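All remarks here apply to the structure that follows.
All figures in this text were calculated on a predicted structure; none of them were measured in a lab. One-based numbering along the sequence shown.
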Amino acid sequence: MFKRDSLLVSNAAFGFILTGLEKLVELEFECPCNPTWNGSFSHAFFIIPAILVFFLMLSIQGCRCDESSRFTWYEWFMKIVSSSVPAVVWLILLFFDGQYFTCAMTDWKGRFVLIDKAAPKKWCEPISEGNYTRQELMLRSLEWIATSQVS
């Protein structure tokens, strides 16, 4: 059987590490502001680190599939659930930030700029106006940030 204290410590450590990593990534994140690439680019930020941290956590817990490691179904279930915690924390951090979700939802071409220096949020400022004004598109971006944070 595995120890719950060690799981709590490793999950807490991963939580802090992921929080720092998200802050570093946030500084470097540049949405391509191209409808063709926005979704794929943002999905990569959600999926790849979550999968990596899940498998890393499984390996830290000593999850092996050989003859010598015979776990009960409950032990397997608990290992998978506890290994999922850092991945879920990563997803929560990204949704709470909002700019990754907003980038994925943006369906116009533009350039990635700051909305407001007081409350720094970035958005894809349109290159040219189509059916919507810049103000309407900025409001849509702010709504997507709020939707991301609520979800």
Could you give the distance from CZ (F95) to OG (S151), rounded to the nearest 0.5 Å? 5.0 Å

Nearest 0.5 Å, please: how far is CE in M105 from OG in S148? 10.0 Å

Non-hydrogen side-chain atoms of [X] and [Y] separated by less than 4.5 Å:
| X | Y | answer |
| --- | --- | --- |
| P32 | C103 | yes |
| L56 | S59 | yes |
| M57 | K79 | no |
| W123 | M138 | yes |
| R140 | Y132 | yes |

Smallest separation among heavy atoms of [X] and [Y], with atom names:
| X | Y | value |
| --- | --- | --- |
| I145 | G98 | CG1-O, 4.0 Å |
| P126 | L137 | CG-CD1, 3.6 Å |
| S82 | P86 | O-CD, 3.6 Å |
| I127 | R134 | O-NH2, 3.7 Å |
| K122 | L114 | CG-CD2, 3.8 Å |

Can you sort out the partners of [X] under side-chain hydrogen bond (donor to acceptor under 3.5 Å, both in side chains), two or more places apart, ordered by chain and number?
| X | result |
| --- | --- |
| T36 | N34 |
| R111 | E125 |
| S83 | Q61 |

Could you name each residue pair satisfying salt bridge (Lys or Arg N to Asp or Glu O under 4.0 Å) that touches residues 141-151, not counting sequence neighbours? none

In residues 42-54, what donor-acceptor pairs under 3.5 Å come from side-chain atoms, sequence neighbours left out?
unit_1, atom_1, unit_2, atom_2, d
S42, OG, N38, O, 3.2
S42, OG, Y100, O, 3.0
S42, OG, A104, N, 3.3
H43, ND1, G39, O, 2.3

Can you name the residues that form a ring pair (Phe, Tyr, Trp, His ring centres under 6.0 Å) with F112, not counting sequence neighbours? F29

Could you tell me which residues satisfy side-chain contact (heavy atoms from CB on, under 4.5 Å) with V150, sequence neighbours excluded, listed by chain and number? none

Kindly write out the residues that satisfy side-chain contact (heavy atoms from CB on, under 4.5 Å) with T147, not counting sequence neighbours, or none if the list is empty. F101

Checking one residue: I92. Which other hydrophobic residues are in its cluster under the side-chain 4.5 Å linking rule? V88

So, E75 side chain and T72 main chain: donor-acceptor pair closer than 3.5 Å or not? yes

Transitive ILVMFWY side-chain link V113 to W37, under 4.5 Å: no

Between C33 and C124, is the SG gap short of 2.5 Å? yes

